[in-house]
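Quick notes on the structure that follows.
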Protein chains: 2
Amino acid sequence: MPKKEINPEYLTCPIRQVIARFGDKWSMLVLYTLAENSTGVMRFSELHAHMNDCSQKMLSKTLKSLLDSHLVDRKVYPEVPPRVEYGLTDTGKSLIPAIDTLIAWAKEHFDAVVRP
Amino acid sequence: MPKKEINPEYLTCPIRQVIARFGDKWSMLVLYTLAENSTGVMRFSELHAHMNDCSQKMLSKTLKSLLDSHLVDRKVYPEVPPRVEYGLTDTGKSLIPAIDTLIAWAKEHFDAVVRP
DNA sequence: CGGAATCCAGGAGGATACTG
DNA sequence: CAGTATCCTCCTGGATTCCG
C-alpha cells in the first residue's frame, strides 16, 4: 500500500539524493580520509586504522555503498595474502571541495554550535 | 565498561561534529528550505508543507536539534491561534554557502552518481 | 588480509490520536 | 496552529565469529 502522497519531485531533489547517499555516519569520513591521503589509495585495514571508531562491518558496508554511487573504486590484486586498494573516482574527487567547504565551516563555527 | 579504545581526538573532529549535528535525514533540508524562503522566517506548518515527506514528529524533533545547535531560532507570538516562526541564526546563515556548494555538486553529478 | 555471517540492542522514523 | 504522546516497525550499527 502506498504510504502517503509524496511530492514526486522529491525523487529527483538533489539535496535529498545527497543525504540519501552519504548522509550516513561514515561516508563523508571515508571520502575525506581517502582525499587527504597522499598516495590516493588506501587498503581496507589502513582506512580502518584512520577511523577506528567505525566497525569494520560498517566500513565495509559504507565502501560498498560508495562503490554503488561511483564515488569510490576498488582494485584487487591477485596476491596472497590478498590486497585491495580503495581510491576516489573522478566523481568522488569532484566532491572533495564541497566537503572541504563543510569542514572549513565546521572548524570556524565549532564553538558557536557546540556551546551549551 | 568502556566500549573500546577510541582516539580521543575524534571528539573534536570537525567533520564528525558536522555529521553528528546535521548528518541526519532532515536537518539540511530544513536549513535549505529556510534559506531559500524570501522572508527568512517560516511557520511550522509552512515548513511542513515544503517537505511533506517528513512527518511532523520528525520535523519537530529536527527543529529542536537545530535550536540546540544554535543554527535556527524560534519566535513565539502570544496570539490565538498561536504563531511560531522559525528562522536561521547568523551561524545558520553562515552554513548556507556550504550547503549550496553541496547542492551544486549534486545537480552537476546527479547522473554520474545515480546511474546503475 | 579483507571481508561475510550472525546475533542483538537501541534509536530513527512513521501513523495516528490528542492537547493547549 | 503547533505541537505531544503513544505505539510500532525497521534499520543502523556494534560485537563477535568464521571463511578464502
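All values below were derived from every heavy atom in this structure, side-chain atoms included, with hydrogens, water molecules and symmetry-related copies excluded.
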Quick one: closest heavy-atom pair of [X] and [Y], and the distance?
X: A/Val72; Y: A/Thr89; answer: C-CG2, 3.6 Å
X: A/Thr62; Y: A/Val30; answer: CG2-CG2, 4.0 Å
X: B/Arg21; Y: B/Ser69; answer: NH1-OG, 3.0 Å
X: A/His50; Y: A/Met42; answer: CD2-CE, 3.6 Å

| query | Counting just side-chain N and O atoms, does A/Ser45 come under 4.0 Å of either OP1 or OP2 of C/dG2? | reply | yes
Rounded interatomic separation in angstrom, taking [atom1] from [X] and [atom2] from [N]:
X: B/Leu67; N: D/dA2; atom1: CG; atom2: P; result: 14 Å
X: B/Lys64; N: D/dG3; atom1: NZ; atom2: P; result: 9 Å
X: A/Leu47; N: C/dG2; atom1: CG; atom2: P; result: 10 Å
X: B/Met51; N: C/dG14; atom1: CE; atom2: C1'; result: 14 Å
X: A/Glu79; N: C/dG2; atom1: CD; atom2: C1'; result: 13 Å
X: B/Ile19; N: D/dT12; atom1: CD1; atom2: P; result: 16 Å
X: A/Glu46; N: C/dG2; atom1: CD; atom2: P; result: 9 Å
X: A/Asp53; N: D/dA15; atom1: CG; atom2: P; result: 11 Å

N/O-N/O pairs, protein side and nucleotides 11-13 of chain C side, under 3.5 Å:
unit_1	atom_1	unit_2	atom_2	d
C/dG13	N7	B/Lys57	NZ	3.1
C/dG13	O6	B/Lys57	NZ	3.4

| task | Have a look at A/Tyr86 and say if it touches a base, only the backbone sugar-phosphate, or nothing, with a 4.0 Å heavy-atom cut-off. | result | sugar-phosphate
Using distance only, find each side-chain donor-acceptor pair of residues 98-114 of chain B under 3.5 Å and give its atom names and separation, not counting sequence neighbours.
unit_1	atom_1	unit_2	atom_2	d
B/Thr101	OG1	B/Pro97	O	2.8
B/Trp105	NE1	A/Ser94	OG	2.8
B/His109	NE2	A/Ser94	OG	3.3

| field | Side chain of A/Arg43 (C-beta onward), nearest among D/dC1, C/dG3, C/dG2 | value | C/dG2
| field | Of the listed nucleotides D/dG3, D/dC1, D/dT17, the one nearest the side chain of A/Gln56 | value | D/dT17
| field | Between the first and last five pairs of the helix from C/dC1-D/dG20 to C/dG20-D/dC1, the angle of the axes, rounded to 10 degrees | value | 50°
